[in-house]
Asker: 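Take this structure first; my questions come after.
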There are 2 protein chains.
Amino acid sequence: MLKAERQQVILNEVRIHNRVLFTDIAELLSVSVDTIRRDITELSVAKKLKKVHGGAISLGFNNYQLENQEIYALENKSRIARKAITLIKSGQVILISGGTTNMEIARMIPPNLKITCFTPSLPVAVQLMSKAEVDVILIGGKLSKDSQIAIGGCAINMLNDIKVDICFLGINSIDVNNGLTDFDWDIVQIKKAMIQASKKIVAPSISEKLNSTQRFKICDLDKIDVLITELEPEDDKLSAFREVNLKLL
Amino acid sequence: MLKAERQQVILNEVRIHNRVLFTDIAELLSVSVDTIRRDITELSVAKKLKKVHGGAISLGFNNYQLENQEIYALENKSRIARKAITLIKSGQVILISGGTTNMEIARMIPPNLKITCFTPSLPVAVQLMSKAEVDVILIGGKLSKDSQIAIGGCAINMLNDIKVDICFLGINSIDVNNGLTDFDWDIVQIKKAMIQASKKIVAPSISEKLNSTQRFKICDLDKIDVLITELEPEDDKLSAFREVNLKLL
DNA sequence: TAAATTACTGCAATATATTGCAAATAATTG
DNA sequence: CAATTATTTGCAATATATTGCAGTAATTTA
């Protein structure tokens, strides 16, 4: 019996019964307990189940995809998030797209700040649910498995009906000449609708994404009001952006 | 029985009844009171409940967030979920409301079953996102902090535009004379819209909820096509329901 | 206050975890 | 295809964790 096969059996047991015992599985599959223990250790570090003394149990409800993957450049994203938070005033209505930087912003919103947040992002919504004073309004629609945000006509229709104070628009690529671009057509449509739905557009972006261009265009730079990077506003790398009418933070 | 399992049973009891007695749980799980005491001490330092003389009590609703929700699936809910899954055919479009039983159903949907799922429930959507073959469509709207589902006009409008094959409707109270009832007005509205949006209504409910009534009415029993409980369909407790035109599973 | 219940402590029996190692198996390479 | 290398597996020895019990201290209840 292959290792992968065994692990599949284990996962299946956990899915159905919520738990497995090392000894049971070992007997069932006629391998040593050590082998099962090693399998379960592997599955555990892969976050497929939870290893406990004597066996394993299902991860259950809180198995958010997002918590599994490590966030790239988290330090920089936290710095961006800290700056972003300062733009939000009590009582405002804001709109947050997806992406890890926006997740960081959502995470850092003070729990006592009274605001209304629209978002098409599932992880952002989950994050915001824990803030007692934040009203969360979900933009519905078909969920993209990749980006975990609602896409499609339904989401766009819903966005067409609102006008918020600030939009924190996740950035994929930004360039002085080509403006904002992205590689996923569906997400481009959503982002366009989000821009339309907002009085003020804030673009949080790690500096790596500056001066890069993707296939599909979202908008020109003049639609963006504020660009937030982890750099100081005076940094040389931002000089090209300083020259256009763009506030840097 | 695993320690982790025991602790989940304890947390589950605390969630349902707001309190537990060492002696009760010890007898229920056939372990010594000392063991339960130690478990509860651990859970107490983990801030999952409050240890008191003779037992433990719930921390209260303020701490009752998504992250702290316990995954322990009452064996009964798993049984209901297993039965419910058999009703779903490949290619169908289904609608799932919130609640822990429906979470269990979502969790147990086989990863290779190709279906389209509509849901206004944030946790259900998160759960379904991990199923590669399931298309998830989120019903948007204002999120209720208590139930973690989208409520309000926007959600209802979205439901008005669809007609799905099966709806798994979370049940709060069900009674032969009073039909389906609930205590939250907003949720009643959503559930009414869900019923309207479905060809077939399946009501999964643990037997504890049978023959109870809440303040607001959702619908009469004749709207329900199938009632699933953890009991055998022939069980005496279900005799009242057998007499009306209701399929039992 | 006395009786009853519950809490805490240390201990022993059992179960589980960890580690290093060698044999068996699978994958890679020349 | 044979030789080499890497991975997987089972075993044994040791370490750690869990559990129930008994004795005693603390708390509640009447």
Side-chain angles (χ1 to χ4, degrees), chain A residues 1-63 67-70, chain B residues 1-60 63 67-76 78 111:
Chain A
M1 162 153 297
L2 299 171
K3 188 168 91 156
E5 224 178 327
R6 264 196 334 260
Q7 299 196 347
Q8 209 48 53
V9 172
I10 293 169
L11 283 174
N12 202 47
E13 280 293 306
V14 170
R15 194 169 61 83
I16 292 177
H17 296 113
N18 283 321
R19 59 166 271 217
V20 289
L21 274 60
F22 291 141
T23 48
D24 284 1
I25 291 283
E27 193 179 355
L28 179 68
L29 302 180
S30 313
V31 291
S32 77
V33 177
D34 301 70
T35 305
I36 299 300
R37 194 194 312 288
R38 275 183 280 239
D39 282 340
I40 285 184
T41 304
E42 275 181 38
L43 292 171
S44 171
V45 303
K47 301 262 164 70
K48 299 281 182 67
L49 45 67
K50 188 174 174 195
K51 186 174 179 297
V52 298
H53 191 97
I57 58 175
S58 155
L59 283 176
F61 300 171
N62 315 338
N63 181 17
E67 292 173 16
N68 296 352
Q69 67 210 27
E70 239 168 74
Chain B
M1 162 154 297
L2 298 169
K3 186 171 93 157
E5 246 183 307
R6 261 194 339 257
Q7 300 196 348
Q8 288 186 352
V9 172
I10 294 168
L11 284 173
N12 196 54
E13 282 294 309
V14 169
R15 223 177 51 209
I16 292 177
H17 299 112
N18 281 318
R19 70 186 192 105
V20 290
L21 302 175
F22 291 142
T23 48
D24 286 359
I25 293 284
E27 192 178 358
L28 179 69
L29 302 180
S30 312
V31 291
S32 76
V33 177
D34 301 72
T35 304
I36 299 299
R37 192 194 315 287
R38 276 184 279 239
D39 282 340
I40 285 184
T41 304
E42 276 182 37
L43 292 171
S44 171
V45 303
K47 297 265 192 321
K48 298 277 180 74
L49 45 67
K50 190 172 176 199
K51 187 173 178 295
V52 296
H53 190 96
I57 56 172
S58 155
L59 282 176
N63 288 57
E67 300 143 48
N68 295 341
Q69 257 189 36
E70 276 316 312
I71 57 172
Y72 180 73
L74 221 48
E75 187 57 30
N76 291 342
S78 294

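Below, read A as the first sequence line, B as the second, and so on, with proteins coming before strands; counting in each chain starts at 1.
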Asker: Report yes if the side chains of A:Leu49 and A:Ser58 come closer than 4.5 Å at any heavy-atom pair, otherwise no.
Answerer: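 Of all side-chain heavy-atom pairs linking A:Ser58 with A:Leu49, none is under 4.5 Å.
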Asker: Whole-Å distance between C:dA15 C1' and B:Met1 CE?
Answerer: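 Distance check: B:Met1 CE to C:dA15 C1' gives 16 Å.
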Asker: Any N/O pairs under 3.5 Å between the protein and nucleotides 6-10 of chain C? List them or say none.
Answerer:
residue: C:dT6; atom: O3'; partner: B:His53; partner atom: NE2; Å: 3.3
residue: C:dT6; atom: O3'; partner: B:Gly54; partner atom: N; Å: 3.2
residue: C:dA7; atom: OP1; partner: B:Gly54; partner atom: N; Å: 2.5
residue: C:dA7; atom: OP2; partner: B:Arg37; partner atom: NH1; Å: 2.2
residue: C:dA7; atom: O5'; partner: B:Arg37; partner atom: NH1; Å: 3.1
residue: C:dC8; atom: OP2; partner: B:Lys51; partner atom: NZ; Å: 3.4

Asker: Distance check needed: D:dT18 P versus A:Leu21 CG, whole Å only.
Answerer: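 From A:Leu21 CG to D:dT18 P: 14 Å.
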Asker: When the side chains of residues 24-34 of chain A are checked against the rest of the protein, which donor-acceptor pairs come out under 3.5 Å, sequence neighbours left out?
Answerer:
residue: A:Ser32; atom: OG; partner: A:Asp34; partner atom: N; Å: 3.4
residue: A:Ser32; atom: OG; partner: A:Thr35; partner atom: N; Å: 3.3
residue: A:Ser32; atom: OG; partner: A:Thr35; partner atom: OG1; Å: 3.1

Asker: How long is the line joining CD1 of A:Ile36 and P of C:dA15, in whole Å?
Answerer: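 Value for this atom pair: 19 Å.
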Asker: Excluding sequence neighbours, so at least two apart, what forms side-chain hydrogen bond (donor to acceptor under 3.5 Å, both in side chains) with B:Arg37?
Answerer: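 B:Arg37 satisfies side-chain hydrogen bond (donor to acceptor under 3.5 Å, both in side chains) with no other residue.
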Asker: Which residues satisfy the side-chain hydrogen bond (donor to acceptor under 3.5 Å, both in side chains) test with A:Gln7, sequence neighbours excluded?
Answerer: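 side-chain hydrogen bond (donor to acceptor under 3.5 Å, both in side chains) list for A:Gln7, sorted by chain: A:Asp39, A:Glu42.
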Asker: Which atoms form the tightest heavy-atom contact between B:Gly55 and B:Ile40, and what is the distance?
Answerer: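 Residues B:Gly55 and B:Ile40, closest heavy atoms: O-CG2, 4.4 Å.
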Asker: Check B:Val20 against B:Ile10 and note the closest heavy-atom contact, atom names and distance.
Answerer: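 Minimum heavy-atom contact is CG1-O, 4.2 Å.
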Asker: To the nearest 10°, give me the bend of the helix from C:dT1-D:dA30 to C:dG30-D:dC1, comparing the axes of its five terminal pairs at either end.
Answerer: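 End axes: 50° apart.
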Asker: Could you state the interatomic distance from NE2 (A:His53) to NZ (B:Lys3), rounded to the nearest 0.5 Å?
Answerer: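 Here the rounded value is 8.0 Å.
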Asker: In Å and rounded to the nearest 0.5 Å, what is the CD to NZ distance from A:Gln8 to A:Lys48?
Answerer: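 With rounding to 0.5 Å, CD (A:Gln8) is 8.0 Å from NZ (A:Lys48).
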Asker: If you count heavy atoms of other groups shown closer than 6.0 angstrom to NZ of B:Lys51, is the number above 12?
Answerer: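 Yes - once you tally the heavy atoms of other residues, nucleotides and ligands closer than 6.0 Å, there are more than 12.
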Asker: To the nearest 0.5 Å, what is the distance between CG (B:Leu43) and CD1 (B:Ile36)?
Answerer: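 Spacing of CG (B:Leu43) from CD1 (B:Ile36) equals 9.5 Å.
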Asker: Within residues 3-11 of chain A, find the residues that approach DNA chain D with a heavy atom at under 4.0 Å, and present them sorted by residue number.
Answerer: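 Heavy-atom cutoff 4.0 Å gives A:Lys3, A:Arg6.
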Asker: What is the distance from CG of B:Leu2 to C1' of D:dT19, rounded to the nearest Å?
Answerer: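 Distance, rounded to whole Å: 14 Å.
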